[in-house]
Amino acid sequence: MTRALFHEDAYAAQARARVEAHTPEGGIVLDQTVFYPAGGGQPGDSGRLSWDRSEMTIATAVRGEGDQVVLVPAEPRSLPPVGAHLEQRIDWERRHRHMRMHTALHLLSVVIPLPVVGGAVGDGRGRLDFDMGEASADVETLEELLNEAVDRDLPVEEEWITQAALAENPQLIKTVGAMPPRGVDRVRLVRIGTGGDQIDLQPCGGTHVARTGEIGHLRISRIESRGRRTRRVTLTLG
């Protein structure tokens, strides 16, 4: 099991850790990590490891067996030995763009209150696919609503509920067919706004900014048809 420091503090860019194992494919498993593993449409983090007098570039992180997070080296080379203590550091600027975009896509699901059938978080760009049918989409109006939500500088928080509680509230799941992030009988929710200012609450395992104001200006760069009923809406960070 890898302790998920990225869930405890999405702003932690570096941390000490111990090498727990190597995978047959040449990956590295640490006892705890700030590297977010690819999942939920968000890419895995890249960065560096350093130990003794050695350094290694990490291309990405992926999910391994159970709760393991596996760090994937950018090129084949000698791995830090099992038991070694090292320093890990993510590419913070890239991660922060992912955080800004991931929260922005949650806002997009608010201003377009239709079922989501797919999505992806990119570096400065992201998209959601909606089951929009014959509904029309006014880009200017949607952009205005998105940036109003950004400018309100709403808090973004997380909480955990039981799987039974989620089963009693299926409307929380916006993405059709998606499996929500689960812990041991727990599901992680991300909330935007509090009290009467709450605008969104949905299951999510990704990393997010602390307040919507941190996202910055948003632009809808494209709305395109992806089938008879599906429309893909692409966002760009300003």
Side-chain angles (χ1 to χ4, degrees), residues 6-7 9-11 36 39-42 95-122 124-133 135-162 165-181 186-223 230-238:
F6 50 84
H7 275 165
D9 181 5
Y11 290 83
Y36 177 82
Q42 181 173 329
R95 154 73 83 76
H96 193 231
R97 289 190 293 270
H98 289 164
M99 291 165 59
R100 292 165 61 201
M101 179 51 66
H102 204 151
T103 307
L105 291 178
H106 279 222
L107 294 181
L108 183 62
S109 76
V110 173
V111 302
I112 303 180
L114 295 171
V116 176
V117 295
V121 178
R125 181 183 296 267
R127 51 92 175 170
L128 288 181
D129 297 341
F130 293 93
D131 183 358
M132 197 172 286
S136 60
D138 183 319
V139 172
E140 184 175 347
T141 299
L142 292 175
E143 279 190 356
E144 182 177 344
L145 292 171
L146 280 169
N147 287 298
E148 283 179 358
V150 170
D151 292 341
R152 289 174 66 185
D153 196 28
L154 298 168
V156 182
E157 303 171 343
E158 70 169 53
E159 65 179 78
W160 292 82
I161 63 172
T162 65
L166 180 65
E168 293 173 358
N169 296 275
Q171 74 281 359
L172 293 175
I173 303 176
K174 294 188 175 184
T175 304
V176 178
M179 292 296 292
R186 300 195 308 163
V187 179
R188 180 175 182 259
L189 301 180
V190 171
R191 179 193 307 275
I192 301 179
T194 58
D197 287 332
Q198 178 180 310
I199 63 172
D200 191 46
L201 179 66
Q202 61 177 294
C204 182
T207 58
H208 291 268
V209 293
R211 304 190 69 90
T212 61
E214 197 173 332
I215 296 170
H217 186 78
L218 292 170
R219 183 172 65 88
I220 294 177
S221 57
R222 180 182 302 175
I223 298 180
T230 304
R231 299 294 181 272
R232 173 166 294 178
V233 182
T234 302
L235 281 187
T236 304
L237 295 176

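Below, all heavy atoms of this structure are taken into account, side chains as well, without hydrogens, waters or symmetry copies. Computed from a prediction, not measured in an experiment: that's the story for all the values here.
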Distance col, row Arg191:CZ vs Leu154:CG, nearest 0.5 angstrom, shows 12.5 Å

What one should report as the nearest heavy-atom pair of Leu166 and Pro203 is CD1-CG, 4.1 Å

Residues in side-chain hydrogen bond (donor to acceptor under 3.5 Å, both in side chains) with Glu148, at least two apart?
none

Can you name the nearest heavy-atom pair linking Gly118 to Val116, along with the distance?
O-CG1, 3.4 Å

Hey, could you give me the CH2/CG distance between Trp160 and Leu189, rounded to the nearest 0.5 Å?
9.0 Å

So side chain to side chain donor-acceptor pair (under 3.5 Å) across residues 109-122, not counting sequence neighbours, yields Ser109-Lys174, Ser109-Gln202

Partners passing side-chain hydrogen bond (donor to acceptor under 3.5 Å, both in side chains) against Asn169 (at least two apart in sequence or in another chain)
Gln171

Would you please name every residue forming a side-chain hydrogen bond (donor to acceptor under 3.5 Å, both in side chains) with Ser221, sequence neighbours left out?
Arg125, Thr236

Return the CG to NE2 distance between Leu237 and His98, rounded to the nearest 0.5 Å.
10.0 Å

Residues passing the side-chain contact (heavy atoms from CB on, under 4.5 Å) test with Ala104, sequence neighbours excluded, are Met101, Ile215, Leu218, Leu235

Under 3.5 Å: donor-acceptor pair, side chain of Glu143, backbone of Ile220
yes

Is there a side-chain contact between Leu108 and Leu105 (heavy atoms, below 4.5 Å)?
yes

With rounding to the nearest 0.5 angstrom, report the CZ to CD1 distance, Phe130 to Ile112.
4.0 Å

Checking Thr207 against Tyr11 for the side-chain contact (heavy atoms from CB on, under 4.5 Å) test, could you report, in this order, the C-alpha distance in whole Å, the side-chain angles of both residues, the deciding distance, and whether it holds?
CA-CA 9 Å; Thr207 58; Tyr11 290 83; over 6 Å; no

Mind checking what makes side-chain hydrogen bond (donor to acceptor under 3.5 Å, both in side chains) contact with His208, not counting sequence neighbours?
Thr103

Compare every heavy atom of Pro155 with every heavy atom of Thr194, then report the nearest pair and how far apart it is.
CG2-CG, 3.9 Å

Where at least one partner belongs to residues 96-108, residue pairs that pass salt bridge (charged side-chain N to carboxylate O under 4.0 Å, His left out), sequence neighbours excluded
Arg97-Asp123

Salt bridge (Lys or Arg N to Asp or Glu O under 4.0 Å) involving Arg222 - partner list, sequence neighbours excluded
Glu224

Donor-acceptor check, side chain of His7 to backbone of Gly205, threshold 3.5 angstrom: yes or no?
yes

Hey, what do you get for CZ (Arg231) to CG (Asp129), rounding to the nearest 0.5 Å?
11.0 Å

For Arg219, enumerate each residue passing the salt bridge (Lys or Arg N to Asp or Glu O under 4.0 Å) test, keeping only those at least two apart in sequence or located in another chain.
none

Derivation of the side-chain contact (heavy atoms from CB on, under 4.5 Å) call for Leu145 and Val110:
CA-CA 9 Å; Leu145 292 171; Val110 173; over 6 Å; no

Working to the nearest 0.5 angstrom, can you tell me the gap between Arg95 CZ and His102 NE2?
12.0 Å

Smallest separation among heavy atoms of Gly216 and Val150, with atom names:
O-CG1, 3.7 Å

With sequence neighbours left out, the residues meeting salt bridge (Lys or Arg N to Asp or Glu O under 4.0 Å) with Glu158 are Arg188

Partner residues of Asp131 under the salt bridge (Lys or Arg N to Asp or Glu O under 4.0 Å) criterion, sequence neighbours left out:
Arg229

Should Ile199 and Arg152 be marked as a side-chain contact (heavy atoms from CB on, under 4.5 Å) after you check the CA-CA gap, both sets of side-chain angles, and the distance that decides it?
CA-CA 11 Å; Ile199 63 172; Arg152 289 174 66 185; 3.8 Å; yes

Leu107 vs Asp200, side-chain contact (heavy atoms from CB on, under 4.5 Å): CA-CA, chis, key distance, verdict
CA-CA 8 Å; Leu107 294 181; Asp200 191 46; over 6 Å; no

Heavy atoms only: give me the nearest Thr212-Ala149 pair and the separation to one decimal.
OG1-O, 3.0 Å

By side-chain contact (heavy atoms from CB on, under 4.5 Å), Asp153 pairs with (sequence neighbours left out) Arg211

